[in-house]
Amino acid sequence: MYRGILFSLLGALTLAALGGCYQSPDTHIYEPGVYKGGSDPLLTLEKTPKQQQRLQERFSLIQTDR
Amino acid sequence: MARMKFLCDAERCIECNGCVTACKNANEVPWGVNRRRVITLKDGEPGEKSISVACMHCTDAPCAAVCPVDCFYTTPDGIVLHDKDLCIGCGYCFYACPFGAPQYPQKEAFGVRGKMDKCTFCAGGPLPDNSAEEYKKYGSNRIAEGKLPACAEMCATKALLAGDGDMVADIYRKRITKRGGRPKTWGWETAYPPSRS
Amino acid sequence: MKLIRKRSQCATAPGASGQSTCSVSGQAIDRRTFLRRSGLAAGGAAIATMLPLTMVRKARAATENAPMPGVKIDVRHSICTHCSVGCGVIAQIQNGVWTGQEPDFDSPFNLGSHCAKGASVREHGMGEKRVKYPMKLVDGKWKRLSWDQAVNEIGDKILEIRKKSGPDAVFWCGSSKANNEGSYLQRKFAAFWGSNNIDHQARICHSTTVAGVANTWGYGAMTNSYNDMHNCKAMIFIGSNAAEAHPVAMQHILRAKESGAKMIVVDPRFTRTAAHADQYIRIRPGTDVPFTWGLLWHVFQNGWEDKKYIQQRVYGMDEIRKEVAKWDPKTVENVVGVPEKEMFEAAKTMAENRPGTLVWCMGGTQHHIGNNNTRAYCVFQLALGNIGVKGGGANIFRGHDNVQGATDVGPNSHTLPGYYGLSEGAWKHWARVWDVDYGWLRGRFDTSKKYDAGGGKMAYTMNIPGVPVSRWIDGILEDKSNFQQKDNFHAIFFQGHAVNSQTRGPDMVKALDKVDLVVVSDPFPSVLAVMGNRKNNTYLLPTCTQFEQAGSVTASNRSLQWREQVIDPLFESKTDIHILYLFAKKFGFADQMFKHIKVENDVPNVEDVLREINRGTWTIGYTGQSPERLKKQAQNRHTFNTTTLRAEGGPCDGEYYGLPWPCWGTPELKHPGTPNLYDPSMSIADGGLVFRARFGTEHNGTNLLAEGSYSVGSEIKDGYPEFTAAMLKKLGWWDDLTADEKKAADGKNWKTDLSGGIQRVAIKHGCAPFGNAKARCVVWQFPDPVPIHREPLYTSRYDLVKRWPTYADRKAFWRLPTRYMSIQKTNHSEKFPLIFISGRLVEYEGGGAETRSTKWLAELQQNMFVEINPADANDRNIKDGQQVWLEGPEGGKILIMAMVTPRVGRGVIWTPFHFGGWYEGKDLLDRYPDGTAPYVRGEACNTATTYGYDSVTQMQETKATLCQIRPA
């Protein structure tokens, strides 16, 4: 009688223990979260065509061999 | 919209460290923190080459991906910045970064990390542009002033290029054509994978 | 996504010790990792914890120099104060504080670029480690003084010495760091004081170049320019490491290389420049003549020389042929260590790719036969017809920012400004320019007795070169009876020179302990203030950097640029010329010395000083560069072409950038300057030139004037001598002079006519005022008329001494006994088997007092070290990063870190020379005044270097001596 309980307990334990060995074969890909920090006015500035042009002109100024 | 990139032309880099002190100068980076540094391969042997390295402002930046507090953001021009008020100095980004860019200035003893610091492409951080607070926390914001990173602007041999990726590639292609040989865009495959940029 | 773990690195504390003891496990690492140990990985954090208190204070101080939002920005334009490239600097000033530095894209020299040093110059505006007020040593403690006290105390002591020992008993040292006006006044000051005992660091930099090159073709300066190197088809660098010493020059060099120019680097060390070369040749130190003759052997063997050029423009090549014939490939391989194949390849490259340039620096000059080396290089270029052509030239890269200017018009013991020499005629010329009575000037000197001017020729000290800076220690230590002046030095006054760049450290300590008075006028205490064991009579005078004053500066290519004042003098600092004025006043000759120079609040007017230089310096054409013209160019620098350096349109149309000397005639003549020396393809008025007729019209019956070669537009279609009033009359050109010019010019020549009329008329007829002659390969006045090889005094190849011995000792040479044979007669190579050479690091400049006190630079190079080949290290059981003792054959020894690297060949070791503040294993920190010790200190390599001086100029022999290294 007790032996039956013991076996079933043991079986359950074994199952539980084996269950701990299970690992999903799928790769977990970590998705970047959404930015939670303060706002940066640069983000708006950068989108203006004038700013884009300024940076392009600046690059030409640096890299020109004249 | 421009996509800001760094490129170091190893054929021109002479390891003069001009970029390193230009960065220190522009951003008042304290002793012990190096947002940029020059790495030399085969030092003292034929084939010696130097490359200037800093945050490459990657497409799909790995640092941003691993950050547990999500303090990273990317500007429309592709510059990767972060909020130091949010940063907990955990160091994950340092392990994730393929270029070893993140730095941790330390205020106290016993290994407590300070807030992460890294190259901002001279674009400051999430505070009013060119305010005293922004300068103190992140350094200068040359981009907002219509300028480019001080390191590349002052490079002794114009080896270090910074700017719109297409314009950078143009200059570099011209040089390659002139001198022959194969392009060696060090770090670009990692930072700006073609499939994603 | 890949997560890559970074290997963490060993970290070291900066500052406190300066000499790290961190050891690194066997991995191959680069120099930066080795030296810096801070960096991207864990280092940064570790370092911050160990920051000494001063660093924390410093960090706070730095924020005071942060940009001030909303505050008006003043923009000032200056020139970098480190090397001779002449990079433009743009400074942003807010409320008088230097808060920003921007790239100077408009500068045709640097196009915005900077090296580590140039990109850090804003730190000069902070100056935490500066000497802040006058100080003196009282019983070993530094005590603050007022300026009045300092000037009076020093002045009284010096006047007392003068009374007892005569005017020659003080050694004055000027500086290549001073601007043209400052360095000129340093020389003038010594003249009015009454002594030629004034010199500066050009002596130990390129003095052998200046003497060798000027005696070959007229002027001792870089013939072309960094920018002109764009035109090269080949470039050979001998003893020049441009990538570290002149980094921005590499922009031009690499541009040339990208356009197809072949690049050859010749050096005992595989330098960062060599890393960019097409061919690298490793020579044994001290074998420059055999190497050059070895190249020329192949040139002659294959008939590659430019025969027409030699026939028209070169004297004495046949005598060279005889000497070169001795240097067959086998002999060259034995002496130099380079196999025939490599020599042939290099010679062929230079022969097949013309025009080609030859660049040399300290690797070639710092030898006891330095003048032979420099002349051999010149001869090589003459043989190939490479001088006087675009893309060719002898491109001698000078060191300090104004070493060219200080050489031209500054403190040199052997000449008055403008290479006029010390003859009576020279003194009379300058007395006229200064508007003082020659008799009065002469009365300032010791005229009580004549002394041996060399070889038994007796003269007054006014006409004998003074003691050169390389030998001031002997001026103190030498037995008085052997010294060709009244008494030894009892006082030394140094304004801007680092003594740790000079050889024989232990002797220097002896000299410092013996001399009565030491005065250091410098922004930083410099090694001079801490070396030795002085307890009293040592003064520090806080002196401004060049960013605290305006003035002109001459770059290596002879271009003058105007510096605006960026900030007010920091702390209690005063400018060089301000300090000189105070002492001139104290000594009672200020009114005479500043007769035509406006002085306001004891500060002489720099523009007036430059105008005086313009009025007197006819020899080298420093006459056309008025302050007004220089300032106009500075404002229009974007209009200059970056290859030709010529302005295209705009207000300076047709001028060359910086009016490179010779800029003939008066400023009103508007000569554009001379971009490339001796280039006859342009008219003289347009910047063309021919070789100077400096050595007479014939020698031993052979014509020395050019034959059938002349510059474009010359009315004399052949060679001609230098212009004099008599010659103008003979040519029938006398009446081209105005009445006023005639009055000034009569009886004078192109060098002494203060009206400039003779120069103007010569140029009007297309002629060079200095004549049109041949360059000479044989300098018959020199100890070795044809450059020959002599083994270094301390040679590693003692077996070669018998065949190539040094000179006999000399009794009186620049006033001092000078030893050669008596040193070489002992073989030191067994006990000291390693050849010891030194050189530059990109982060530091000169003695490093300034750059090691700049935190952004100091962080990058924290340890004095020695490069040693793996084989030599293994032989001595030395591991990378280990502390070692390096000992020289004269007993000096230094405790430094070993860097094991194949960069140096077997049997050769290399150290940087910028370190100081340690002496024979001991940190001298406690000898510095509080808060003035540089962030990084280390052993000065010259503590272990040895005796040896050039046979013409007294250049020190630091690029070939011996040492031994053992684990500490």
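Note that the coordinates shown come from a computational prediction; the quantities given were computed from them, not determined experimentally. We name chains A, B, ... by the order of the sequence lines, and we start the count at 1 in each one. Atom set for the values below is all heavy atoms of this structure, side chains included, hydrogens, waters and symmetry mates excluded.
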Reported SG-to-CE distance for the pair B/Cys13 and C/Met250, which is rounded to 0.5 angstrom: 10.5 Å
Would you please go through residues 137-148 of chain B and name the residues with a non-hydrogen atom below 4.5 Å from one of chain C, in numerical order? B/Arg142, B/Lys147
Using heavy-atom distances under 4.5 Å, tell me whether B/Ala10 contacts chain C through its side chain, its backbone, both, or neither. backbone
C/Ser113 side chain vs B/Cys155 backbone, donor-acceptor pair below 3.5 Å: yes
Validation row: C/Gln101, B/Met154 side chains within 4.5 angstrom (heavy atoms): yes
Any donor and acceptor pair, going by atom type alone, linking the side chain of B/Lys49 with main-chain N or O of C/Ala275 inside 3.5 Å? no
Do the non-hydrogen side-chain atoms of B/Asn17 and C/Lys117 ever get within less than 4.5 Å of each other? no
Nearest heavy-atom pair of B/Cys16 and C/Ala243: which atoms, and what distance? CB-O, 4.4 Å
Part of C/Ala249 lying under 4.5 Å from any heavy atom of chain B: neither
Just wondering, do B/Asp43 and C/Met899 contact through their side chains at under 4.5 Å, heavy atoms? yes
Compare every heavy atom of B/Glu153 with every heavy atom of C/Pro103, then report the nearest pair and how far apart it is. CG-OE1, 3.3 Å
Pick whichever of B/Ala26, B/Cys23, B/Gly18, B/Gly44 has the most heavy-atom pairs under 4.5 Å with chain C. B/Gly44
With a 4.5 Å limit on heavy-atom distance, are the side chains of C/Tyr280 and B/Pro46 in contact? no
Check B/Lys174 with C/Glu258, please: is the shortest side-chain N to carboxylate O separation under 4.0 Å? no
Would you say that more than 12 heavy atoms from the other residues, nucleotides or ligands in this model lie under 6.0 Å from the OH of B/Tyr92, or not? no
For C/Ala119 and B/Ala22, which heavy atoms make the closest approach, and how far apart are they? CB-N, 3.7 Å
Selection from C/Cys115, C/Ala274, C/Gly70 maximising heavy-atom pairs under 4.5 Å formed with chain B: C/Cys115
Side-chain touch C/Leu860/B/Thr21, heavy atoms, less than 4.5 angstrom: yes
Salt bridge or not between B/Glu15 and C/Arg272? Use side-chain N to carboxylate O under 4.0 Å. yes
Do B/Ile14 and C/Leu254 come within less than 4.5 Å of each other through their side chains, counting heavy atoms only? yes
Does B/Lys24 come within less than 4.0 Å of C/Glu859, counting only side-chain N to carboxylate O? yes
So B/Trp31 and C/Trp856, side-chain contact (heavy atoms from CB on, under 4.5 Å) or not? Walk me through it. CA-CA 7 Å; B/Trp31 184 296; C/Trp856 299 326; over 6 Å; no
Does C/Arg122 use its side chain to pair, donor to acceptor, with the backbone of B/Asn25 at less than 3.5 Å? yes
Specify the closest pair of heavy atoms between C/Pro69 and B/Ala132, including all atoms of both residues, with the distance to one decimal. CG-N, 3.5 Å
Structural part of C/Ser259 lying under 4.5 Å from a heavy atom of chain B: both
How long is the straight-line distance from CD of B/Glu48 back to CZ of C/Phe270, given to the nearest 0.5 Å? 5.5 Å
What residue in C/His252, C/Met68, C/Lys257, C/His114 has the most heavy-atom pairs under 4.5 Å with chain B? C/His114
